[in-house]
Protein chains: 2
Amino acid sequence: MHDTFVSNPSFFKLDATLKKIRNYWQKNFDAQGKDITVDQWLLLENLYKHKRITHNELARLTSKDITTVSRIIELLVKKELVERQGSTDDRRKVYVQLTPAGVNKYKDVRPMVLEMRKTGWKDLTEKDYQELTRILDVIYGNIP
Amino acid sequence: MHDTFVSNPSFFKLDATLKKIRNYWQKNFDAQGKDITVDQWLLLENLYKHKRITHNELARLTSKDITTVSRIIELLVKKELVERQGSTDDRRKVYVQLTPAGVNKYKDVRPMVLEMRKTGWKDLTEKDYQELTRILDVIYGNIP
DNA sequence: TAGCAATAGTTGTTATAGCAACTATTTGGT
DNA sequence: ACCAAATAGTTGCTATAACAACTATTGCTA
């Protein structure tokens, strides 16, 4: 734990990298006329995987605030990619799931996402991936 | 470049880690009554280092959109931590620098930031830092 | 079982992010 | 010298992020 990295801008580098990725994804979505944002895509991905979940679970799965999830879902409902269903057993809960159009959107966009991930990882190895994962997990766990 | 990581959510992990750090920093700023946001701090840091620079340079240094910089500077000016000066040689340019109160704020907040960086890097080595830096730099460079 | 705490979700507000459109200047090519 | 292109910055708009306050339920406990 020397000053060399205590004073170094790792936060800045994480932020800059993430913005670069996010902008690249968004530009590609726009260029292909996908009419979707990066974060809307992340929710679609989780809804495809989990079929039918509450706002709360979706927030936990995506590391998003529940208010943010609520508003993104609102936009996805307007686009008719997602539908909400009030729970009958616990009337506080609202379940969310993809519409058929939402499933199509997922299948339509997914190949692009895989390609873009490949682009980001060019010249990096499986070991690099594991190292990145490990280091980020430690940092995440260190923070109270 | 196997499917194991092409399909894995590295974007998500970066995003989640960054949010964790950002929220931790902000909570600490608030708890100590620093009356400043994380991104405002990043600008202060750069202004302290570079003394007197334009919005444009600040945007480049921080990986922020120039419109975002313009608005954050506006808030810092309202807090009287920063002052703007129109350039005389090129009248499109606006130079920005810390006020004496801004310098004090920087010196007041900096020890907290160093402590929080230490917390994030607990149990990690200098080599880990270099690995993270290397991997993020490669990803950054891969993206057009 | 009455009442209070906890939980799920929405709404309001402020900040950051990025694009488009705009003004004001400066630069470059002819 | 003139006009088009480029540059610096601001403003308007939409989306994401987070906190606080609020409603509507459900669970817990005295």
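Residue numbers begin at 1 in each chain, while the letters A, B, ... track the order of the sequences.
- Residues of residues 71-84 of chain B having a heavy atom closer than 4.0 Å to DNA chain C, listed by number: B:R71, B:I72, B:L75.
- If you find the closest nucleotide of DNA chain D to A:T68 and to A:D89, the one lying nearer the 5' end belongs to A:T68.
- Residue whose closest nucleotide on DNA chain C sits further toward the 5' end, between A:D15 and A:S70: A:S70.
- A search for side chain to side chain donor-acceptor pair (under 3.5 Å) contacts involving A:N23 returns nothing, not counting sequence neighbours.
- No cation-pi contact links B:K20 to B:Y24, judged by a cut-off of 6.0 Å to the six-membered ring centre and 45° from its axis.
- Side-chain atoms of A:Q26 come within 3.5 Å of backbone atoms of A:V38 as a donor-acceptor pair (strictly under, hydrogens ignored).
- At distances below 3.5 Å, at least one donor-acceptor pair connects side-chain atoms of A:D128 with backbone N or O atoms of A:T125.
- Residue B:V94 is the one, among A:R91 and B:V94, whose nearest nucleotide of DNA chain D lies closer to the 5' end (criterion: closest heavy atom).
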Assess the residue pair A:S87 and A:D90 against the criterion (side chain to side chain donor-acceptor pair (under 3.5 Å)); give the C-alpha distance rounded to whole Å, side-chain angles, the decisive distance to 0.1 Å, and a yes or no. CA-CA 6 Å; A:S87 168; A:D90 184 341; over 6 Å; no
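- The closest side-chain heavy-atom distance from A:T54 to A:V96 is not below 4.5 Å.
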Determine, stepwise, if the pair B:R52 / B:Q85 fulfils side chain to side chain donor-acceptor pair (under 3.5 Å). CA-CA 9 Å; B:R52 186 165 178 277; B:Q85 290 174 340; 3.2 Å; yes
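- Of the side-chain N and O atoms in B:R92, none sit less than 4.0 angstrom from OP1 or OP2 of C:dA24.
- Under the side chain to side chain donor-acceptor pair (under 3.5 Å) criterion, A:Y106 pairs with A:R110, sequence neighbours left out.
- Phosphate proximity of C:dT25 to B:K93: absent, as no side-chain N or O sits under 4.0 Å from OP1 or OP2.
- Checked by atom type and distance alone, the side chain of B:S63 never pairs as donor or acceptor with a backbone atom of B:A59 at under 3.5 Å.
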Using distance only, find each side-chain donor-acceptor pair of residues 66-82 of chain B under 3.5 Å and give its atom names and separation, not counting sequence neighbours.
{"from": "B:T67", "atom 1": "OG1", "to": "B:D65", "atom 2": "OD1", "distance (Å)": "2.6"}
{"from": "B:K79", "atom 1": "NZ", "to": "B:D35", "atom 2": "O", "distance (Å)": "3.1"}
{"from": "B:K79", "atom 1": "NZ", "to": "B:Q40", "atom 2": "OE1", "distance (Å)": "2.8"}

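- Between A:K27 atom NZ and C:dA17 atom C1' the separation is 12 Å, expressed in whole Å.
- Protein atom CH2 of A:W25 is 18 Å distant from nucleotide atom C1' of C:dA17, rounded to whole Å.
- Under 4.0 angstrom from either OP1 or OP2 of C:dG18 there lies at least one side-chain N or O belonging to A:N23.
- With rounding to whole Å, B:I66 atom CD1 is found 15 Å from C:dA20 atom C1'.
- Using a cut-off of 4.0 Å between Lys/Arg side-chain N and Asp/Glu carboxylate O, A:D15 and A:K19 are scored as salt-bridged.
- In this structure, A:D65 atom CG and C:dT11 atom P are separated by 15 Å, rounded to whole Å.
- Near DNA chain C, meaning a heavy atom under 4.0 Å from it, residues 29-43 of chain A has no residue at all.
- The residue A:T54 sits close only to the backbone: its heavy atoms come under 4.0 Å of sugar-phosphate atoms, none of a base.
- For A:R22 and C:dC19, the CZ to C1' distance is 15 Å, given to the nearest whole Å.
- In 5' to 3' order, the nucleotides of DNA chain D bounding all contacts with chain B (an atom under 4.0 Å from a heavy atom) are D:dA6 to D:dC19.
- Relative to the ring axis of A:F29, A:K34 does not place its NZ or CZ within 45° and under 6.0 Å from the centre.
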